[in-house]
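Worksheet: the structure to be examined is printed underneath.
Worth knowing before you read on, the calculation uses all heavy atoms, side chains too, and leaves out hydrogens, waters and symmetry mates. These figures come from a predicted structure and were not determined experimentally. Each ligand, and each atom within it, is numbered from 1 in the order the structure gives.
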Amino acid sequence: MSTDEDSTNETHWDLAPKFDFVDAHRLPFSSDKVSLKKIDTECSGPFEGKAHGRAFTHQANIEIRDLQYRMYTEGKQSLLIVLQAPDAAGKDGLIRKVLGQMNPQGCRTYPFKVPSSEERAHDFLWRIHKATPAAGKVSVFNRSHYEDVLVVRVEDLVPKSVWKERYEIINNFEKLLAHRGTRILKFYLHISPREQLERFKKRLDDPTKHWKLNAGDYAARDKWGDYREAYEDAMEKCHSKIAPWHVIPADKKWYRDASVAAIVRDTLRDMDPKLPEIDADLDEIRRLYERELDELNE
Ligand code: AMP
Ligand code: MG
């Protein structure tokens, strides 16, 4: 078995495969119903296997970091990455291996948990809006405003008359962010119930993962179909060119990482952030430098 370390040393892999990850995983912009059942949870894309996928991700991460640095210095555009998934689908792993590789000066991750009493005393977007990226910055949402039409709907936390109004509110909110210059990418990490159960077992077997265990995660498995329907509805109602959904086959961790890295990289390429124009008089600054150097050497 090859390890991640091996993979990055391989030199023969094709690290620029002719494969359109956006085309493969972005939901189509047609009025078709979304059916998650019809979308595979397993995929290898253009890769020969795990080592190839990991080498690709390593390379894509380097380019993402460079483009993010440009975006930070440019200070105009922003990027919002929304992660949604069933438990154990790998949001944390994806953040560790790909999105968290960006420079923390310009990138922050925001986990959204059960709302606090203060958060509950406001509208559902109050806590979300504060976490959206400023000009030049990237925000990664580990769960998001979509919980307010997912867990809230499935667990009956507010009446239907309340949550059903939220889709339009979300669309208008995302439009507002885009209007300010924020690109939005939404990812659903798609795993099979079988793979999820295997990962729950690994958590049981690993004492360092016991903190993640939660009896509620098993209760949610009984409602897998309800969650799927709620996700399908959210994707159908809140999918747009300015804030598209991508369904990422996530049974293979290395493919999950590689495909999201590719889509983020391609988006940043498309945003084409530029290093800022220089106001300073470089000749003058060079003269000052030479003078200091001369003084030092006298
Ligand atoms: P985790 O991401 O595994 O740490 O779990 C966070 C928990 O917070 C999940 O069970 C989410 O469903 C829950 N959660 C997040 N946002 C909301 C929300 N708006 N209302 C209710 N529960 C939420
Ligand atoms: Mg959890």
Side-chain angles (χ1 to χ4, degrees), residues 36 80-100 108-132 139-174 177 184 186-191 193 195-204 206-235 237-238 245 248 250 253 256 260:
L36 285 172
L80 170 60
I81 298 171
V82 171
L83 303 179
Q84 285 289 157
D87 252 289
K91 291 185 274 89
D92 295 353
L94 175 66
I95 289 168
R96 201 170 56 247
K97 299 257 183 48
V98 181
L99 306 170
R108 248 190 91 174
T109 299
Y110 296 87
F112 291 102
K113 309 279 183 184
V114 176
S116 67
S117 53
E118 190 190 18
E119 288 168 346
R120 253 199 316 273
H122 290 82
D123 69 82
F124 77 102
L125 292 176
W126 181 71
R127 64 176 184 164
I128 307 290
H129 207 162
K130 288 192 291 189
T132 55
S139 289
V140 177
F141 285 1
N142 184 346
R143 303 187 189 272
S144 67
H145 42 303
Y146 283 95
E147 291 293 329
D148 292 281
V149 289
L150 294 165
V151 67
V152 165
R153 162 175 162 165
V154 174
E155 304 297 338
D156 251 331
L157 302 182
V158 302
K160 181 171 183 183
S161 58
V162 174
W163 60 252
K164 80 176 181 15
E165 301 284 339
R166 289 182 173 167
Y167 301 101
E168 196 190 336
I169 295 171
I170 288 174
N171 283 334
N172 287 330
F173 173 63
E174 292 178 351
L177 301 181
I184 305 170
K186 299 181 295 203
F187 294 102
Y188 172 70
L189 307 184
H190 191 31
I191 57 163
E195 176 65 21
Q196 186 192 49
L197 197 61
E198 272 173 34
R199 292 187 191 177
F200 283 175
K201 169 80 167 78
K202 286 195 184 120
R203 287 181 177 182
L204 265 177
D206 178 354
T208 69
K209 298 250 169 82
H210 284 175
W211 66 274
K212 288 192 173 190
L213 295 176
N214 179 348
D217 295 344
Y218 286 85
R221 278 177 68 80
D222 294 336
K223 297 183 178 162
W224 194 277
D226 294 341
Y227 273 102
R228 188 176 56 229
E229 261 175 47
Y231 266 111
E232 288 169 346
D233 247 16
M235 289 178 197
K237 294 188 164 74
C238 303
W245 275 106
I248 300 295
K253 294 174 181 176
R256 167 200 77 200
V260 172

Worked check of side-chain contact (heavy atoms from CB on, under 4.5 Å) between S144 and K186: CA-CA 10 Å; S144 67; K186 299 181 295 203; over 6 Å; no
W163 and Y167 aromatic ring geometry - parallel, tilted or perpendicular at 30°/60° bounds: perpendicular
Non-hydrogen atoms of I191 and Q196 that approach each other most closely: CD1-CB, 3.5 Å
Test salt bridge (charged side-chain N to carboxylate O under 4.0 Å, His left out) applied to K91 - qualifying residues, sequence neighbours left out: none
Heavy atom of R127, distance to ligand 1 below 4.0 Å: yes
Test of ring centre spacing under 6.0 Å for F141 and Y146: no
Proximal ligand 1 atoms for V152, defined as those under 4.0 Å from one of its heavy atoms: 20 (N)
Geometric N/O contact N142 with ligand 1, under 3.5 angstrom: no
D87 contact mode with ligand 1 (heavy-atom cut-off under 4.0 Å): side chain
Salt bridge (charged side-chain N to carboxylate O under 4.0 Å, His left out) contacts in which one or both residues fall within residues 145-165, not counting sequence neighbours: R143-E147, D148-R166, R153-D233, E155-K223
Atom indices of ligand 1 within 4.0 angstrom of P115 heavy atoms, with elements: 17 (C), 18 (C), 19 (N), 20 (N), 21 (C)
Geometric N/O contact V151 with ligand 1, under 3.5 angstrom: no
R143 and ligand 1 - part of the residue with a heavy-atom distance under 4.0 Å: side chain
Atoms of ligand 1 close to D148 [distance to a heavy atom under 4.0 angstrom, numbered from 1]: 19 (N)
Region of H145 that comes within reach of ligand 1 [heavy atoms, distance under 4.0 Å]: neither
Minimal non-hydrogen separation, V149 against A234, with atom names: CG2-CB, 4.2 Å
Closest to atom 13 (C) of ligand 1 (judged by heavy-atom distance), picking from V114, L157, L150: V114
Evaluation steps, side-chain contact (heavy atoms from CB on, under 4.5 Å), between F187 and R256: CA-CA 10 Å; F187 294 102; R256 167 200 77 200; over 6 Å; no
Proximity of P111 to ligand 1 by residue part, where a heavy atom lies under 4.0 Å: neither
